[in-house]
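So that the names make sense, note that chain A is the first sequence line, chain B the second, and so on, each numbered from 1. Only heavy atoms go into these numbers, but all of them, side chains included; no hydrogens, no water, no symmetry mates.
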Protein chains: 2
Amino acid sequence: MDRELLKGSTPLLLLSLLCEGPMYGYQIIETVRQRTGGTYTLKEGALYPALHKLEATEFISSYWETQENGRERRYYAIQPAGEAFLTAKKKEWNQFVDMVQAFVGPRA
Amino acid sequence: MDRELLKGSTPLLLLSLLCEGPMYGYQIIETVRQRTGGTYTLKEGALYPALHKLEATEFISSYWETQENGRERRYYAIQPAGEAFLTAKKKEWNQFVDMVQAFVGPRA
DNA sequence: TTGACGGCCATCGTTTTGCGAGGCACATTG
DNA sequence: CAATGTGCCTCGCAAAACGATGGCCGTCAA
């Protein structure tokens with residue numbers, strides 16, 4: 001998968017995922033990897049900066065949770081503002097796909 | 001339209017357009033602007049570097065043509081290698097859309 | 001005739017984003 | 001005990017698009 005295409009779609013993916021419930025970083029990576037059958041492996045160098053940025057703009061929030069074994073995990077949860085933003089992003093995404101489709105032609 | 005989404009899709013657009021026949025820079029910009037109803041204005045700073053890069057890899061070729069009024073235009077035309085590349089890119093594009101769709105959910 | 005406008009080419013520096021590599025810490029398993 | 005897996009993160013780099021800018025030349029109205 002060409003990485004260039006991915007640019008800009010990460011926040012969309014993240015917000016969509018978090019819409020299903022809070023998740024922690026490692027879990028996000030694994031979930032994406034599994035759901036795409038391994039074709040897309042979200043990298044940590046892309047994930048954490050994106051997550052932190054989303055948090056800085058208050059689209060998501062985070063909190064630490066201690067597991068039974070004593071280890072900590074940082075969970076990220078979507079905020080109301082994030083849901084609103086997601087809605088707008090989805091619309092943008094659809095427009096974008098339509099636009100490209102208009103030039104490339106319908107799916108083969 | 002969020003510019004970040006566009007990243008990586010420019011070569012795909014360009015190649016698709018040139019598949020319809022040779023075009024010159026200004027014409028490409030105008031065509032894109034008109035076909036998208038103005039929502040997407042391809043910028044020169046994005047177009048020319050992309051065009052030159054496509055030419056450097058021999059996916060397209062270029063030639064100058066003199067108009068009746070004496071002015072010159074630089075036309076770009078797709079090459080066989082470019083068509084092959086376009087086919088591959090299209091497939092990648094479809095995979096990409098499917099993937100995002102899988103997370104974002106089907107179109108509203 | 002001069003000046004604004006539009007056609008037409010292009011580059012430059014900045015910003016944004018993802019990537020690869022690396023680092024640190026602790027738990028479980030062999 | 002060592003290796004592997006879980007789990008967090010940062011840093012420097014490369015690629016791409018952006019906005020600004022520049023230049024050249026016709027044309028058409030003032």
Next item on the list: With a 4.0 angstrom cut-off to heavy atoms of chain B, pull out the first and last contacting nucleotide of DNA chain C, in 5'-to-3' order.
Entry: C/dG6 to C/dT17
Margin query: It should be established whether B/Lys53 places a side-chain nitrogen or oxygen under 4.0 Å from OP1 or OP2 of nucleotide D/dA16.
Written below: yes
Item checked: DNA chain D contacts among residues 16-28 of chain B, heavy-atom distance under 4.0 Å -> none
Notebook entry, point to check: Do the side chain of A/Thr36 and the main chain of A/Tyr40 share a donor and acceptor less than 3.5 angstrom apart?
Noted result: yes
Next item on the list: Classify the side-chain pair B/Arg33/B/Thr41 by whether it contains a donor and acceptor separated by less than 3.5 Å.
Entry: no
Check: Would you say a side-chain N or O of B/Thr10 is under 4.0 Å from OP1 or OP2 of D/dA17?
Finding: yes
Notebook entry, point to check: Taking for each residue the nucleotide of DNA chain D with the nearest heavy atom, is it B/Thr41 or A/Arg73 whose nucleotide lies nearer the 5' end?
Noted result: A/Arg73
Checklist line | Separation of D/dG7 P from A/Leu47 CG (nearest whole Å) | finding: 14 Å
Checklist line | Position toward the 5' end of DNA chain C (nearest nucleotide), B/Gln67 or A/Leu42 | finding: B/Gln67
Checklist line | Euclidean distance, atom CZ of residue A/Arg33 to atom C1' of D/dG5 [Å, nearest integer] | finding: 12 Å
Check: Hey, quick one: are A/Ile29 and A/Val32 part of the same hydrophobic cluster, counting side-chain heavy atoms closer than 4.5 Å, chains of contacts allowed?
Finding: yes
Notebook entry, point to check: In whole Å, what is the span from the CG atom of B/Leu5 to the P atom of D/dC18?
Noted result: 11 Å
Notebook entry, point to check: How many Å lie between NZ on A/Lys43 and C1' on D/dA15, as a whole number?
Noted result: 15 Å
Margin query: Within the 4.0 Å heavy-atom criterion, would you say B/Gly8 contacts the bases, only the backbone, or no part of the nucleic acid?
Written below: sugar-phosphate
Check: So does B/Gln101 have more than 12 non-hydrogen atoms from other groups sitting under 6.0 Å from CD?
Finding: yes
Check: Atom OH of B/Tyr48 and atom P of D/dG22: how far apart are they, to the nearest Å?
Finding: 18 Å
Next item on the list: Using whole Å, report how far CD of A/Glu44 lies from P of D/dG5.
Entry: 14 Å
Next item on the list: Between A/Arg71 and B/Glu30, name the one whose nearest nucleotide on DNA chain C is closer to the 5' end.
Entry: B/Glu30
Note to self: Are A/Trp93 and B/Phe103, when compared by the centres of their aromatic rings, separated by less than 6.0 Å?
What the structure shows: no
Margin query: Just so I know, are the side chains of B/Tyr76 and B/Glu55 near enough to count as touching, which here means a heavy-atom distance under 4.5 Å?
Written below: yes
Next item on the list: Find the distance B/His52:NE2 to D/dA15:C1' and express it as a whole number of Å.
Entry: 17 Å
Notebook entry, point to check: Looking across every strand, which nucleic acid part, if any, lies under 4.0 Å from B/Lys7 by heavy atom: base, sugar-phosphate, or nothing?
Noted result: base
Margin query: Counting neighbours of CD on B/Glu83 that are heavy atoms of other residues, nucleotides or ligands and sit closer than 6.0 Å, is the number greater than 12?
Written below: yes
Notebook entry, point to check: Over how many whole Å does the gap from B/Leu54 atom CG to D/dA17 atom C1' extend?
Noted result: 15 Å
Next item on the list: Can you label the angle between the B/Tyr24 ring and the B/Tyr75 ring as parallel, tilted or perpendicular, going by 30° and 60°?
Entry: perpendicular
Next item on the list: With rounding to the nearest 0.5 Å, note down the distance linking CZ in B/Phe96 to CG in A/Leu6.
Entry: 5.5 Å
Next item on the list: Under the side-chain contact (heavy atoms from CB on, under 4.5 Å) rule, what do B/Met99 and A/Thr39 come out as? Steps first, then yes or no, please.
Entry: CA-CA 9 Å; B/Met99 186 201 76; A/Thr39 43; 5.5 Å; no
Next item on the list: For A/Tyr76, report the nucleic acid contact type (base, sugar-phosphate, nothing); a contact means any heavy atom under 4.0 Å.
Entry: sugar-phosphate
